[in-house]
Trainee: 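Can you keep this structure in mind? I'll have questions shortly.
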Amino acid sequence: MLRRFDVHRVTSVAEAVALRQRFGEDAAIYAGGTELLLAMKMGVARWPHLIDVKPIGSLAQISASTDTLRIGATATHWDIERNPLVAEALPALAQLEANVANVRVRAAGTLAGNLAFGEPHADPPSMLIALGARVLLEGRAGSRSVAVAEFITGMYETALAADEVIVAIEIPLPGKNVRAAYVKFQILERPSVGVAALGTVRDGRFVGAPTVVVGAVDEMARPVPTAQFAGADARDAGTLEAIADAARAAVEPIADLAGSVEFKRHLVGVITQRACAALAAEAL
Ligand SMILES: Cc1cc2nc3c(=O)[nH]c(=O)nc-3n(C[C@H](O)[C@H](O)[C@H](O)COP(=O)(O)OP(=O)(O)OC[C@H]3O[C@@H](n4cnc5c(N)ncnc54)[C@H](O)[C@@H]3O)c2cc1C
């Protein structure tokens, strides 16, 4: 059962920051509410004050420059999956977003809320880390930008300070020859394992090393050490198996309803091979 709380609808980021300062731990930013209200209904969290940032028009914007995609904090998964700029600049992200949760969650839930909640079984963090995305924050002391890789610090833990609000996520656009792939495996509502891979394959070989980040299986998404695969034959089964070994070694899977530690480690290897094979399949 939901206990009584007040909703403060704000029309500027400055107002949201001021309320964060005023109410401290008694307040939470309220975006789509898909995690927040569920946690409150289940009684695992209680905030007497919710700061509704959806009326801040500027936070809903998605824009792209020649080298950066900027996704405002109230843009929903649904907004992102259908946005023509995202489809053009980063089709792999559009596809990832189209496969988050179900349409009801996608229509209300935001990318910023997904990152701020720090729930480990999430799709976007691995892809955003692989792309080098950053979270833009506004707080009492001004603005700052934190790499997604450093923003999520653990299970349900982030670098968000008590007075801060996420205003946007900025994603550097990969060069035109760089391919991105995201492959996941899921039997419950949320992913059991999700692997993001980024890289260029020319004449069957990786140009430099591919970037591989494993998500959803551990407390937080984990980058895989891949330097040794620079220039490797991307279509060779031995290369893919060796990258899969590196990925299995990079994670500490958590056993839960989706499977045991051993099963998840096995899945990490299989899904990593598929994500890396997708880079080679789309090669130049
Ligand atoms: C049934 C179900 C299935 C799901 N399946 C998937 C899935 O398959 N893959 C996946 O990745 N995710 C999945 N999710 C998670 C979903 O993506 C998130 O629930 C959603 O993105 C959270 O966004 P929200 O806007 O609803 O956040 P809210 O619930 O409003 O907030 C979540 C947290 O983020 C904070 N917050 C929100 N916005 C800001 C901001 N601008 N600044 C600072 N803090 C902020 C809130 O204070 C709160 O702590 C699922 C969720 C549900 C309920």
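When reading the values below, keep in mind they use all heavy atoms of this one structure, side chains included, and skip hydrogens, waters and symmetry mates. Each ligand, and each atom within it, is numbered from 1 in the order the structure gives.
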Trainee: Is there a polar contact between ligand 1 and Asp123, counting only N or O atoms under 3.5 Å apart?
Mentor: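 Looking only at distances, the answer is yes, because the N/O contact criterion of under 3.5 Å is met.
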Trainee: So is Gly32 polar-close to ligand 1, meaning N/O to N/O under 3.5 Å?
Mentor: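 Yes: some nitrogen or oxygen of Gly32 is under 3.5 Å from one in ligand 1.
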Trainee: Return yes when atom CD of Gln95 has more than 12 non-hydrogen atoms of other residues, nucleotides or ligands closer than 6.0 Å, and no otherwise.
Mentor: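 Not buried by this count: 12 neighbours or fewer within 6.0 Å.
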Trainee: In terms of the angle between their ring planes, are His49 and Phe23 parallel, tilted or perpendicular, with boundaries placed at 30° and 60°?
Mentor: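 Rings of His49 and Phe23: parallel, as their planes differ by under 30°.
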Trainee: With atoms numbered from 1 as shown, which atoms in ligand 1 lie under 4.0 angstrom from a non-hydrogen atom of Val165?
Mentor: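 Within the 4.0 Å cut-off of Val165, ligand 1 contributes 42 (N).
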Trainee: So how far is it from Ile169 CD1 to Arg70 CZ, rounded to the nearest 0.5 Å?
Mentor: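 Ile169 atom CD1 to Arg70 atom CZ measures 9.5 Å (nearest 0.5 Å).
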Trainee: Do Ile129 and Leu69 sit in one hydrophobic cluster, given that two such residues count as connected whenever their side-chain heavy atoms are within less than 4.5 Å of each other, even indirectly?
Mentor: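 Same cluster.
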Trainee: For ligand 1, is there an N or O atom under 3.5 Å from any N or O atom of Ile166?
Mentor: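 By distance alone, the answer is yes.
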Trainee: Can you tell which part of Glu119 has a heavy atom less than 4.0 Å from ligand 1: side chain, backbone, both or neither?
Mentor: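 The answer is neither; Glu119 stays 4.0 Å or more away.
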Trainee: Quick one: look at Val167 and ligand 1, take heavy-atom pairs under 4.0 Å, and tell me if it's side chain, backbone, both or neither.
Mentor: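 Near ligand 1, Val167 shows nothing, with every heavy atom at 4.0 Å or more.
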Trainee: Tell me, which protein residue and heavy-atom name are nearest atom 50 (C) of ligand 1, and how many Å apart are they?
Mentor: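 For this ligand atom, the closest protein heavy atom is Arg190 CZ, 3.6 Å.
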Trainee: Taking Arg4 for its side chain and Pro48 for its backbone only, find out whether a donor-acceptor pair lies under 3.5 Å.
Mentor: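 Checked: no pair found.
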Trainee: Nearest protein heavy-atom contact for atom 48 (C) of ligand 1: which residue, which atom, what distance?
Mentor: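 Among all protein heavy atoms, the one nearest atom 48 (C) of ligand 1 is Leu36 CD1, 3.5 Å.
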Trainee: Would Glu164 count as a polar contact of ligand 1, with the cut-off being nitrogen or oxygen pairs under 3.5 Å?
Mentor: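 Not met; the criterion fails.
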Trainee: Hey, is ligand 1 close enough to Thr34 that some N/O pair sits below 3.5 Å?
Mentor: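 Yes; the residue has a nitrogen or oxygen that sits under 3.5 Å from a nitrogen or oxygen of the ligand.
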Trainee: Residue-level breakdown please: for Ala73 versus ligand 1, do any non-hydrogen atoms fall below 4.0 Å on the side chain, on the backbone, on both, or on neither?
Mentor: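 Answer for Ala73: side chain.
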Trainee: Give yes if a backbone or side-chain nitrogen or oxygen of Asn102 is under 3.5 Å from a nitrogen or oxygen of ligand 1, and no if not.
Mentor: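 Looking only at distances, the answer is no, because the N/O contact criterion of under 3.5 Å is not met.
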